[in-house]
Amino acid sequence: MMDLACEYATVDVVSVLGTEQNVSQTVTKFGMDAEGVRQRFHGRSKKQHDVIQFDEGVDLSIEELHEDGEDAVSLDKKTLPIALSQHQFVFVDFFASWCSHCRNLAPTWETLAEVMDAAAEHAIQKNHRYNDEEYEKAVHLERPVLIAKVDCVLHGDLCTEQNIRGYPTLRLFVDGEPHGGGDYRGDRLIIVLTDYLAAVEEEVKKTKGGKLAAADSLAKSVHTLEDGESVTGPLKNHRRKAQAWKDEEHPGCQLSGFLMVDRVPGNFHIFASSNSQDLVPSMTNVSHEVHHLSFGEPYVRRLLENGAVPSFVPSTLQDRLVPMDGNVYVNKDLHEAYHHYLKITTSDFSLKGRIRRVYQLLLQSQLSFYNEDYAPEAKFQYDLSPIAVYYSEKSMKWYDYMTSIMAIIGGTFTVVGMMESSIQAVSSKKRF
């Protein structure tokens, strides 16, 4: 997969028997960079880890939390660059109002904003609504963290520029740039989130050295932005950079392994899936290159490759087993994907007294278009041909051979005799 991260890549098999299951436990994943170079082993694609999606310890609704004002700052295309220029750490929740995961996370995110604001200002009162353990972890953050959010329904262009592929996406910006460790994908608990921020702060401190002065830290106050206007202080001129393709934002994934399929028509498909995010259909790109795809036992196919098969087996059979190998299928527009249709023909031949079976593939590929509400998927549909091919060689005994020769000679003699008799009969009639 050229532009699909391994954490999202999922393989399912469906047959006419009605079975459908995530069979990715037999498939291994390797991350790929923009040059197609295989990176680290990503692990077997077992059932995706269920991330804790929100903190059940937050017992207030988002409406109740907003009664005293919003602590999580709402940003848009204009105010995000301002926030990044004025704060060293900006933790942003890119969400969609229709996303159920986002709605569940909202109270937790607002509470995290309250914890961060209070910890940064050292103004925690004894009657706060969060427990001491949460505060103790947050207070270790020596630099203020702006907790913000962006509604991707209202600000779709901004989310597209940020390459947001699923909701919610929790992204930490450090010194105006996304954190090098990638988006946050851990449990969405207050304590875990503060631990994550503290760890990143410690990492930045070791890398860049030094601390911000206490006065500078306390001087940075966080206020809600209303009607698109910033009230965080004097604004600095900020030139928006043109959107550019960044290789690190488009990781690929190499899938390898095997699938056990029924001997009935069906399909297997590769698609983007997540248990903790609602993915953006328009950001799903399933462009792919097929390095190898075949049906049957690899051992028999290797016999053909090594030439260890009888001479009566056609030399072109090997290519008919893997017609997709080396093919590249690139989607140039949104909401489209290639679907492949494979007609499978069973082919048998005898080798050392045993029947060996391979499967010839007849390939047809076409570009399919999707509704904007559905994420594209690379589909491989297969069907078994009712016709089977059997390659064999029969040897003839010497006496069978001699009998055939004599039959040919006898037949020839008989035909010549009949022709001679016919010619003689015609000649006799002319004389009379």
Side-chain angles (χ1 to χ4, degrees), residues 1 9-28 254-271 286-331 336-369 376-396:
M1 308 306 294
T10 307
V11 183
D12 267 4
V13 172
V14 181
S15 73
V16 296
L17 299 180
T19 57
E20 180 174 4
Q21 57 180 337
N22 185 316
V23 294
S24 305
Q25 64 269 19
T26 60
V27 176
T28 56
Q254 183 186 73
L255 303 175
S256 61
F258 65 91
L259 303 174
M260 303 296 293
V261 299
D262 300 317
R263 289 180 57 85
V264 294
N267 71 79
F268 64 92
H269 45 278
I270 304 172
F271 63 103
V286 290
S287 298
H288 54 280
E289 177 181 0
V290 180
H291 293 278
H292 176 76
L293 175 64
S294 64
F295 287 74
E297 298 181 5
Y299 168 72
V300 181
R301 191 183 65 257
R302 285 195 292 269
L303 291 178
L304 288 171
E305 294 175 354
N306 298 330
V309 294
S311 58
F312 59 82
V313 177
S315 58
T316 57
L317 178 61
Q318 178 181 342
D319 295 333
R320 299 172 189 169
L321 306 182
V322 288
M324 298 191 71
D325 286 15
N327 292 356
V328 179
Y329 304 92
V330 177
N331 307 324
E336 65 181 26
Y338 276 94
H339 289 185
H340 311 286
Y341 301 89
L342 302 168
K343 179 67 73 172
I344 303 176
T345 302
T346 303
S347 303
D348 297 335
F349 60 90
S350 178
L351 178 63
K352 297 181 180 180
R354 297 184 61 183
I355 299 298
R356 302 294 184 180
R357 173 165 294 177
V358 293
Y359 297 92
Q360 300 185 48
L361 305 180
L362 180 62
L363 169 66
Q364 287 185 340
S365 299
Q366 68 178 29
L367 189 62
S368 299
F369 299 94
E377 59 185 19
K379 180 179 289 187
F380 300 77
Q381 186 167 335
Y382 54 87
D383 188 14
L384 295 173
S385 172
I387 300 175
V389 178
Y390 180 72
Y391 299 99
S392 64
E393 182 181 50
K394 296 183 65 176
S395 59
M396 183 177 294

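The figures here come from the full heavy-atom set of this structure, side chains too, leaving out hydrogens, waters and symmetry mates.
The ring-ring contact (aromatic ring centres under 6.0 Å, His included) check on F268 picks up F380, with sequence neighbours excluded. For Y338, the side chain to side chain donor-acceptor pair (under 3.5 Å) test picks out no residue, with sequence neighbours left out. Evaluation of the salt bridge (Lys or Arg N to Asp or Glu O under 4.0 Å) rule for E336 yields no partner, not counting sequence neighbours. Residues satisfying the salt bridge (Lys or Arg N to Asp or Glu O under 4.0 Å) test with D383, not counting sequence neighbours, are K343. Remark: Y391 engages Q360 in a side chain to side chain donor-acceptor pair (under 3.5 Å) (not counting sequence neighbours). Partners of L384 by side chain to side chain contact (heavy atoms under 4.5 Å, CB included), not counting sequence neighbours, listed by chain and number: R263, I344. By the side chain to side chain donor-acceptor pair (under 3.5 Å) test, S368 is found to be paired with H339, residues two or more places apart in sequence or in another chain being considered. Listed by chain and number, the residues in a salt bridge (Lys or Arg N to Asp or Glu O under 4.0 Å) with R356 amount to none (sequence neighbours excluded). With sequence neighbours excluded, the residues satisfying side chain to side chain donor-acceptor pair (under 3.5 Å) with N267 are H269. For R357, the salt bridge (Lys or Arg N to Asp or Glu O under 4.0 Å) partners are D348, not counting sequence neighbours. Applying the side chain to side chain contact (heavy atoms under 4.5 Å, CB included) criterion to H291, with sequence neighbours excluded, gives E289.
Looking only at side-chain heavy atoms (C-beta outward), L362 and T345 stay at 4.5 Å or farther from each other. At a threshold of 4.5 Å between non-hydrogen side-chain atoms, the residues V290 and Y329 count as touching. V322 has its side chain within reach of H292: a pair of non-hydrogen atoms, C-beta onward, lies under 4.5 Å apart. I270 is not listed as a side-chain neighbour of H288, based on a closest heavy-atom distance of 4.5 Å or more. For the pair L363 and N327, the minimum side-chain heavy-atom distance is below 4.5 Å.
No more than 12 heavy atoms of other residues, nucleotides or ligands lie within 6.0 Å of CD in E297, so this atom counts as exposed by the packing criterion. The environment of Q364 atom CD is sparse: at most 12 non-hydrogen atoms of other residues, nucleotides or ligands sit within 6.0 angstrom.
Side-chain atoms of T346 do not come within 3.5 Å of backbone N or O of A388 as any donor-acceptor pair.
Within the structure, salt bridge (Lys or Arg N to Asp or Glu O under 4.0 Å) contacts touching residues 314-323 (residues at least two apart or in different chains) do not occur.
Here the closest non-hydrogen pair linking V286 and E377 is CG2-C, 4.0 Å. Between P376 and A337, the shortest heavy-atom distance links the atoms CB-CB, 3.8 Å. Minimum interatomic distance between S287 and N331 (heavy atoms only, all atoms of both residues): OG-N, 2.8 Å.
Here CZ of F349 is found 12.5 Å from OG of S392. Values are rounded to the nearest 0.5 Å. Atom OH in Y390 sits 4.0 Å away from atom CD1 in I355 (nearest 0.5 Å).
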Full working for side-chain contact (heavy atoms from CB on, under 4.5 Å) between M324 and L342: CA-CA 10 Å; M324 298 191 71; L342 302 168; 4.1 Å; yes
